[in-house]
Amino acid sequence: MDKQKAKMIVDKEHKLAEVDPRLYSSFIEHLGRAVYGGIYEPGHPEADESGFRQDVASLIQELRVPLIRYPGGNFVSGYNWEDGVGPVESRPKRLELAWRTVEPNEVGTNEFIRWAKGIDSDVMMAVNLGTRGVDAARNLVEYCNHPGGSLYSDMRIGHGFKEPHRIKTWCLGNEMDGPWQIGAKTATEYGRLALEAAKAMRWVDPTIELVACGSSSRAMPTYAEWEATVLDHTYEQVDYLSLHTYYGNHDGDTANYLAKSLDMDHFIKEIVAVCDYIKAKKRSKKTIHLSFDEWNVWFHSNESDKKLEPWQIAPPQLEDIYTFEDALLVGSMMITLLKNADRVKIACLAQLVNVIAPIMTENGGKAWRQSIFYPFLHASLYGRGTVLIPIVSTPRYDSKEYTDVPVLDTAVVYNEQNEELVIFAVNKSLEGELLLESDVRGFADYRIKEHLVLENADLLAKNTAQESDQVRPHNRGNAQVESGVLQAALPALSWNVIRLGRTAAAHS
Ligand code: AHR
């Protein structure tokens with residue numbers, strides 16, 4: 001059988017948008033072992049004087065995460081932020097209803113923000129619009145951002161934080177359309193509350209940016225109508241609308257699983273349409289951007305989570321052990337976000353440590369990189385600059401739920417400052433290599449710097465504490481460029497990063 005071929009034309013003038021670095025954000029919730037046993041474990045040999053694990057912090061720093069969403073998630077809808085500030089010994093232990101655990105409140109707003117700043121990340125703070133409302137939200141903004149001379153700002157100073165935290169980006173609740181949410185609401189109830197909370201929060205600090213809750217997934221019964229109603233109320237007071245999605249391969253159908261990035265693409269385009277419909281309806285000059293603030297693969301741990309005893313502190317919840325196959329879909333999802341970088345300005349890989357996460361830890365033991373760490377790492381390191389719009393011609397396939405699935409999924413980013421052109425590509429073919437030929441005429445003097453490949457003979461290969469390198473990339477891809485034409489054989493089922501640069505000439 002002839003090898004499959006794909007062709008591409010890349011033109012540096014054909015630009016989509018600048019990549020907002022916040023596309024490489026993540027999320028830490030008070031859930032499972034994300035905080036306790038994840039980033040924070042006093043007594044661990046790697047813990048610093050505040051109890052935060054330095055081995056975990058270094059792995060996070062590798063990923064160059066600019067923004068971390070906190071403290072939830074479903075958790076935030078029952079959270080009293082006041083429980084997590086002030087002397088640790090006086091903080092209450094609370095029944096945490098979202099995940100049926102006990103929250104010890106040893107880590108709260110100040111500890112988390114100080115830790116995040118220490119690893120060069122900003123915090124995207126969520127307020128509780130489930131059990132609480134306008135008052136608690138505006139007080140938290142005052143606590144975090146007001147310089148001093150008022151009840152809550154002076155309280156922060158009294159807690160040892162003289163300088164305001166200057167939290168810029170705030171989520172107005174979490175997944176308020178979901179019946180599982182503590183204090184779930186109808187779109188009208190939420191739209192009204194979000195508007196009033198937004199007004200009061202901005203009156204405390206007019207420099208903040210606000211994210212309104214969109215649907216919890218594209219499958220919600222109120223999908224699209226929810227967004228339209230919420231934006232009808234909040235349009236002029238918010239900056240972003242949130243999207244969340246998780247995928248899984250429940251029936252072992254790889255071709256169909258890898259096609260699920262198309263669902264993400266449809267989701268984004270449909271929500272852009274809803275935002276622009278409300279813009280038209282209001283004759284507004286303002287454009288709403290998207291915050292895809294939860295996205296990932298999540299299914300491996302579903303069954304074991306059902307068996308957990310309730311009311312434990314930091315039990316192992318949502319601990320998906322990711323396969324090589326999952327890394328391919330995560331790569332494709334990352335590509336999808338890049339291809340929509342004109343409207344998606346924030347995206348949070350959910351989550352960051354232990355809970356559906358690229359980084360895993362053992363209590364008292366090691367920390368290591370899961371398979372999905374790598375596509376996210378590569379995109380975060382090399383996907384900064386301008387997203388270009390290539391003309392792509394690729395073979396396509398049909399799967400159980402999708403038709404015309406491109407075998408080549410690709411995004412191209414040009415970093416003018418570094419004189420680097422990067423092609424991210426997933427070959428979704430189960431059958432074999434895909435021969436890629438790309439016309440890169442505008443980059444005639446560029447040479448191949450590196451062709452990174454993530455491939456594995458075993459789709460279900462995974463990294464564990466004992467074998468933490470079963471899935472890891474190599475740089476022996478065979479991309480070559482000559483007279484402005486790039487050729488590369490992309491192995492069957494592989495994630496590829498082809499970096500071209502003006503100066504380095506590793507192998508032309
Ligand atoms: O990320 C895990 C959970 O998924 C979050 O708490 C919630 O927002 C979503 O349903």
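Counting convention: from 1, in listed order, for ligands and their atoms alike. In this chain, residues are counted from 1 in sequence order.
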Practice problem: With F52 as reference, evaluate F112, Y40, Y36 under the ring pair (Phe, Tyr, Trp, His ring centres under 6.0 Å) test and give the passing residue. | Solution: Y40
Quiz item: Regarding H165 and N110, is there a side-chain donor-to-acceptor distance under 3.5 Å anywhere?
Solution: yes
Quiz item: Looking only at protein heavy atoms, which one is nearest to atom 4 (O) of ligand 1, and how far off is it?
Solution: E294 OE1, 3.1 Å
Quiz item: Considering only protein heavy atoms, which is closest to atom 1 (O) of ligand 1, and at what distance to one decimal place?
Solution: Y246 OH, 2.8 Å
Exercise. Please write down residue, atom name and distance for the protein heavy atom closest to atom 2 (C) of ligand 1.
Key: Q351 NE2, 3.5 Å
Quiz item: Are any of the N/O atoms in H244 less than 3.5 Å from those in ligand 1?
Solution: no
Exercise. Look at atom CD of E225 and say whether more than 12 heavy atoms of other residues, nucleotides or ligands are closer to it than 6.0 Å.
Key: no
Quiz item: Looking at atom 10 (O) of ligand 1, what's its closest protein heavy atom, distance included?
Solution: E175 OE1, 2.7 Å
Practice problem: Would you mind listing which atoms of ligand 1 come within a distance below 4.0 Å of any non-hydrogen atom of F27? | Solution: 1 (O)
Self-check item: Ring-face cation contact, F161 with R156, 6.0 Å cut, 45° max
Solution: no
Quiz item: Does an N or O anywhere in W99 fall below 3.5 Å from an N or O of ligand 1?
Solution: no
Quiz prompt | Side-chain ion pair, D326 and K462, N-O less than 4.0 Å | solution = no
Exercise. Give the numbers and elements of all ligand 1 atoms closer than 4.0 Å to a heavy atom of I356.
Key: 1 (O)
Quiz item: For the side-chain contact (heavy atoms from CB on, under 4.5 Å) test, which of F373, Y374, Y322 pairs with N463?
Solution: Y374
Exercise. Just jot down the ligand 1 atoms closer than 4.0 angstrom to any heavy atom of E29, in number order.
Key: 5 (C), 6 (O)
Quiz item: Among E209, M124, M201, which one satisfies side-chain contact (heavy atoms from CB on, under 4.5 Å) with W170?
Solution: M201
Quiz prompt | Which residue and heavy atom of the protein sit nearest atom 7 (C) of ligand 1, plus the separation | solution = N74 OD1, 3.2 Å
Practice problem: Verify, without hydrogens or angle tests, whether N354 (side chain) and R33 (backbone) share a donor-acceptor contact under 3.5 angstrom. | Solution: yes
Quiz item: With a cut-off of 4.0 Å, which atoms of ligand 1 are near a heavy atom of N174?
Solution: 7 (C), 8 (O)
Exercise. Measure the shortest side-chain to side-chain distance between Q317 and S301 over non-hydrogen atoms and say whether it is less than 4.5 angstrom.
Key: no
Quiz prompt | Numbered atoms of ligand 1 (with element) below 4.0 Å of G73, judged on heavy atoms | solution = 5 (C), 6 (O), 8 (O)
Exercise. State whether the shortest distance between N or O atoms of W298 and N or O atoms of ligand 1 falls below 3.5 angstrom.
Key: no
